[in-house]
Amino acid sequence: MNFCKYCDTQLAPNSQFCSNCGRKIIHSQVPKNNITKQHKLLVGISFMILIFTIGAFSWWKYQHPSLQKAVPGSIYKYTVVGYIDGEKESSNGYFIFSKDGRYTLVDSAREANKFKTTSFNKAARTTKDDPERYNYHIDNRNNRIKLYSYILDTTKNASGELLVSDFDSSTMHATFKGSPSWEIDDQSDYNLHFNLTKIGTVK
């Protein structure tokens, strides 16, 4: 419903002049080409936002993979600080996780670097360790790495867990939770915090 802007008289549809004051009626119209330009601009902006969102999400996923993708085949340098039996402990070393569920720990960078150029089995044996003795399992849902250690001369396993608090593609922070084991010290009261930095991958 339109009204004359001069005398406020209601206008008939498509009228050219006001029936009351006789003034010419000017109907404002938006040029079609302007509508087309606005539509194209909105479509372009929406497309750019979509591309940015997909890119940002992909980058975030790359930087924050699941444990199942981040850990297997990785070599981490770690610093561990905490208490064992009330005594403060601090040490450094290297965690090596094979791609098939085995792991080992070594003390030096020289030993850790062997796993970059040699198979896990061969490198583990050069460190005088049995590559079949240590196994791990990743609990992706609860962000835990369960560690199993076969105890020599027995048929039993010792176990513990790395409770991962946060991680990305290159770092990981975790607390060690031990469980009572057979023929080795009870680790259930350990309070150890690991800071791990990825330094390479297993061949």
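Just so it is clear, the values below take in all heavy atoms, side chains as well, and ignore hydrogens, waters and symmetry mates.
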A.B. asks: Looking at every non-hydrogen atom in both residues, tell me the closest pair between Cys7 and Asn20 and how far apart they are.
C.D. replies: SG-ND2, 3.4 Å

A.B. asks: Nearest heavy-atom pair of Leu147 and Tyr103: which atoms, and what distance?
C.D. replies: CB-OH, 3.7 Å

A.B. asks: Can you name the nearest heavy-atom pair linking Ala70 to Tyr76, along with the distance?
C.D. replies: O-OH, 3.5 Å

A.B. asks: How long is the straight-line distance from CG of Leu162 back to CD1 of Ile145, given to the nearest 0.5 Å?
C.D. replies: 5.0 Å

A.B. asks: Distance only, no hydrogens: is a donor on one side chain within 3.5 Å (strictly under) of an acceptor on the other, for Lys77 and Thr197?
C.D. replies: no

A.B. asks: Can you give me the closest heavy-atom contact between Lys116 and Ile75, atom names plus distance?
C.D. replies: CG-CD1, 3.7 Å

A.B. asks: Can you get from Leu196 to Leu163 by hopping between Ile, Leu, Val, Met, Phe, Trp and Tyr side chains that sit under 4.5 Å apart?
C.D. replies: no

A.B. asks: Do the side chain of Thr171 and the main chain of Phe167 share a donor and acceptor less than 3.5 angstrom apart?
C.D. replies: no

A.B. asks: Test: salt bridge (Lys or Arg N to Asp or Glu O under 4.0 Å). Region: residues 136-147. Which pairs qualify, not counting sequence neighbours?
C.D. replies: Arg144-Glu161

A.B. asks: Working to the nearest 0.5 Å, report the span between NZ of Lys122 and NZ of Lys203.
C.D. replies: 8.5 Å

A.B. asks: Going from CE on Met172 to CG on Asn143, what distance comes out if it is rounded to the nearest 0.5 angstrom?
C.D. replies: 10.0 Å

A.B. asks: Which atom names give the shortest non-hydrogen contact between Thr118 and Ala123, and what distance separates them?
C.D. replies: CG2-N, 4.0 Å

A.B. asks: Consider only side-chain N and O atoms of Asp100 and Ser98, and report whether a donor and an acceptor are under 3.5 Å apart.
C.D. replies: yes

A.B. asks: Could you tell me whether the side chain of Thr104 and the main chain of Ala124 form a donor-acceptor pair under 3.5 Å?
C.D. replies: no

A.B. asks: Of all the heavy-atom pairs spanning Ala112 and Val106, show the shortest one and how long it is.
C.D. replies: N-CG2, 3.8 Å

A.B. asks: By the definition side-chain hydrogen bond (donor to acceptor under 3.5 Å, both in side chains), identify the one residue from Lys69, Lys99, Lys198 that meets it with Ser74.
C.D. replies: Lys198

A.B. asks: For Asn195 and Thr79, test the side chains for any donor-to-acceptor distance below 3.5 angstrom and give the result as yes or no.
C.D. replies: no

A.B. asks: If you round to the nearest 0.5 Å, how far is OG of Ser91 from CZ of Phe194?
C.D. replies: 7.0 Å

A.B. asks: How many angstroms lie between atom OH of Tyr94 and atom CG of Asp107, to the nearest 0.5 angstrom?
C.D. replies: 9.5 Å

A.B. asks: Phe97: what forms a ring-ring contact (aromatic ring centres under 6.0 Å, His included) with it, not counting sequence neighbours?
C.D. replies: Phe95, Tyr136

A.B. asks: Is there a donor in the side chain of Thr175 and an acceptor in the side chain of His193, or the other way round, less than 3.5 Å apart?
C.D. replies: yes

A.B. asks: Is the closest side-chain heavy-atom distance between Asn92 and Tyr78 below 4.5 Å?
C.D. replies: no

A.B. asks: Which distance, rounded to the nearest 0.5 Å, do you find between the CG of Leu105 and the CD of Glu111?
C.D. replies: 11.0 Å

